[in-house]
Structures are given as C-alpha cells and as structure tokens.
Amino acid sequence: MRKRLCLAFLLLLPLLLAGCRREEPARTGYELYFQEADLTYSAGESPFRTETVYLYDAETDTASRLAEALMNELLKGPADETLKSALPTGTTLLSLEIEGDRARVDLSPSYESLSGVALTLADGAIALTLAQVPEVSSVQITVRGRELAYRERQVLNIRELLLTPEEDVISTVEVMLYYLDQEGRLTAAEQTLDLYEGDTQVSAVARALEEKPEGRDLYSPLPEGFQVKSAWLEEDICYVNLSSAALEGLADHAARAALQALENSLTSLEAVEEVRFLIDGEFRRDLGLLGGGE
C-alpha cells in the first residue's frame, strides 16, 4: 500500500510543480542610443551605438508610460563600458507629455550646459530613442519649461533623423510657403522641398510649414502644438485632416492664420485647385470659409 502511495505521489509531482510555476511577465526589447566611449577606432558614419533594454509590457501599456520609461532608462546611461551617454551627467526628467504625435520632454538645468555638436547629439539620442513609441513622430526638448534659444531646431522631426540624406531623396518640388513675418503678416517664401520615399507633395508642404525657414526673419504660421494629422489629394482637391486637440484653446486669429497659410501654400502646387479641412476625419462646414467647402 505504501509503495502504491509513493508511486502515485511521484506521478503527481511533475503536475504539482508545473502548477506552482508562474509565467514570466511579457517584456519587449527597446534600443537606447549612446555614443562610443572611445572614437579612435570607430568605423561608419553614425555617431550612435545602441544598447537593448527590456521593459515589462504591463508597465508600458500607453504611449506616455513607454516614452517616460525609455527616457528614464536613457538617463541612467549605458551598462556597456565601451559606450557613453550623450546627455550630461546629472540630467533628470522633469516631465514628459505627449500631445498629438509630439513628445514634449522637459529636462533639468544641467542640459543647458550643452551647445553646438554636443547639443545636436544629445537631442538626437533622445529623439531616436523616443522614435520607438509608435504614436510619436516629433520631439520638443525644453529645460525647465524653456526652449534653448541657440538651438537650430526646437522641434525634431523623427522621420528626418531616420532618413539618410540624399540617398532617400527621390525627387523635389518647387512651392511657395506662407510664413509669418515679424509683424504677424503672412509672407510667401519660395522653397524647394525634398520628397522622400512614401512622401507626397501635399504632405511635404504640411511638414515644411512646421519649421522656420533658413536665413529669413520668418516664423512658422502653425502655433505650438498645431499639427496636420494627414493630407491627401483626390483629383485636384487637397484634404487636410486636423486634430481637434490642435485647435483647442487657439485664439481665432492664430487659427485663421494657420489655416490660411496651409491653404495658400498647398494651392501653390500645380496639382491643387482647392483645399478642404477636416477635424478628426469629419468635414467642418465652418472651416469651409477657408477651405473652399460647400
């Protein structure tokens, strides 16, 4: 009888042990962007090297949580001794918000010590790391809520960072872009835009308006936080889809200037005869005054 009980226990033991095992929480690997500590024997054109970090899916289930987790891991620095952080020692994350498809990263004062190439590399390391958040397509970095006046670009377009210059340019287009002058009036500026694989002329125009033109005292007509979700052409009508969050809280004159600049710039393309605006995918009759809708 005792032998039978022992045998039964041995047969049940694997099942009991299997029932005691806990499944490992799901994790996903992400790349953190660092520099090589010793560039003496560095090969290749990229100034960055990556290190993989694994984050628990349950703790990164939203875009904001994933972006914050990636930033905190980046600020810890690399585990590999052959790498170094592009960010100054002691830099901390004060806040991180995602508005539309833009990540707004606010850092501690030590980040102000950077300038020139060092600032460009640090900005690039942050933007490329956050590029892994599907909802994020641009990054704005501030220090205690303030932009660094000497930075060449206040908003980093992730697509531009990921593309290799010249090799991915498939064509160009001549266009008149409408910016704001120092008196706040819309002023035309002739520009040649590069078109990359997957680009359309209308999407390139919408993207270009977000940035300040080089070498001129002109400014983007699109207020902070204002972004075009999508733009496409059907026959000779260009449809521009905006986010309701982009218009929320904007003064009437700022909203009208942004819409007028978009319309004027887009209709400067030979293929565009009319512009119609949508909000979150729905046509808005009150915006038809600018967009030409019925």
Side-chain angles (χ1 to χ4, degrees), residues 99-102 104 137-140 147 152-157 159-160 171-196 199-294:
E99 298 178 4
D101 59 0
R102 180 173 298 174
R104 301 183 183 277
S137 62
S138 63
V139 176
Q140 184 175 19
E147 294 180 344
E152 290 184 3
R153 292 187 178 184
Q154 299 297 342
V155 177
L156 302 174
N157 187 306
R159 177 182 173 84
E160 292 180 0
S171 65
T172 60
V173 60
E174 301 290 335
V175 65
M176 297 296 291
L177 297 180
Y178 284 76
Y179 295 98
L180 294 176
D181 63 16
Q182 292 182 326
E183 284 73 40
R185 297 171 300 190
L186 286 177
T187 302
E190 186 175 358
Q191 289 200 23
T192 301
L193 303 182
D194 292 331
L195 298 179
Y196 301 93
D199 265 347
T200 63
Q201 292 185 3
V202 293
S203 66
V205 168
R207 184 173 66 244
L209 282 178
E210 296 178 3
E211 301 179 3
K212 182 181 184 298
E214 296 181 2
R216 299 190 60 171
D217 293 329
L218 299 176
Y219 305 91
S220 172
L222 308 186
E224 184 177 355
F226 186 103
Q227 283 189 305
V228 175
K229 294 178 68 175
S230 57
W232 67 95
L233 193 64
E234 293 184 10
E235 296 184 351
D236 59 358
I237 299 176
C238 177
Y239 293 88
V240 180
N241 187 26
L242 305 173
S243 167
S244 57
L247 295 173
E248 188 175 338
L250 282 184
D252 287 344
H253 70 277
R256 291 187 68 84
L259 297 177
Q260 191 71 65
L262 280 165
E263 182 180 22
N264 291 355
S265 300
L266 288 165
T267 52
S268 75
L269 294 169
E270 290 185 7
V272 178
E273 292 294 329
E274 181 182 338
V275 177
R276 295 184 181 180
F277 293 101
L278 301 90
I279 303 296
D280 296 332
E282 297 292 331
F283 177 70
R284 284 281 297 272
R285 190 172 296 275
D286 56 325
L287 296 181
L289 295 173
L290 291 176
E294 297 178 358

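In the model, S203 has a side-chain atom that pairs as donor or acceptor with a side-chain atom of T200 under 3.5 Å. Using a 3.5 Å distance cut-off with no hydrogens or angles, the side chains of Q140 and E147 do pair a donor with an acceptor.
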> Given R102 and V155, is the side chain to side chain contact (heavy atoms under 4.5 Å, CB included) satisfied, shown in steps?
Replying inline: CA-CA 9 Å; R102 180 173 298 174; V155 177; 3.7 Å; yes
>> Could you walk me through whether V205 and V272 satisfy the side chain to side chain contact (heavy atoms under 4.5 Å, CB included) test, starting with their C-alpha distance in whole Å, then the side-chain angles of each, then the deciding distance to 0.1 Å, before giving a yes or no?
In response: CA-CA 12 Å; V205 168; V272 178; over 6 Å; no
>> Run F277 and L242 through side chain to side chain contact (heavy atoms under 4.5 Å, CB included) and show every step you take.
In response: CA-CA 7 Å; F277 293 101; L242 305 173; 4.1 Å; yes
> Should N157 and S137 be marked as a side chain to side chain contact (heavy atoms under 4.5 Å, CB included) after you check the CA-CA gap, both sets of side-chain angles, and the distance that decides it?
Replying inline: CA-CA 6 Å; N157 187 306; S137 62; over 6 Å; no
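Between V240 and L266, the closest side-chain pair of non-hydrogen atoms falls below 4.5 Å. Side-chain contact between E263 and Y178 is absent, with no heavy atoms from C-beta onward closer than 4.5 Å. Contact annotation: the side chain of L180 never approaches that of T187 to less than 4.5 Å [non-hydrogen atoms, C-beta and beyond]. Taking the side chain as every heavy atom from C-beta outward, T267 and E273 never approach each other to under 4.5 Å. Counting heavy atoms from C-beta outward, L209 and P221 have side chains that approach closer than 4.5 Å.
Atom CG of L177 and atom CG of L193 lie 5.5 Å apart (nearest 0.5 Å). Rounded to the nearest 0.5 angstrom, R256 CZ and H253 NE2 are separated by 12.0 Å. A distance of 10.5 Å separates CD of E99 from OG of S138, quoted to the nearest 0.5 Å. To the nearest 0.5 Å, atom CG of residue L278 and atom OH of residue Y239 are 8.0 Å apart. Once rounded to the nearest 0.5 Å, the distance linking CG of L218 with CZ of R185 reads 11.0 Å. With values rounded to the nearest 0.5 angstrom, W232 atom CH2 is found 5.0 Å from N241 atom CG.
Here E174 pairs with E190, T192 under the side-chain contact (heavy atoms from CB on, under 4.5 Å) rule; sequence neighbours left out.
Counting all heavy atoms, side chain and backbone alike, Y179 lies closest to Y219 at CB-O, 3.3 Å. The shortest non-hydrogen separation linking L222 to A206 is CD1-O, 4.4 Å. Annotation for L233 and D236: closest pair CD1-C, 4.1 Å, computed over non-hydrogen atoms.
Surrounding CD of E235 are at most 12 heavy atoms belonging to other residues, nucleotides or ligands under 6.0 Å away.
Under a 3.5 Å cut-off, the side chain of S265 and the backbone N or O of L262 do not form any donor-acceptor pair.
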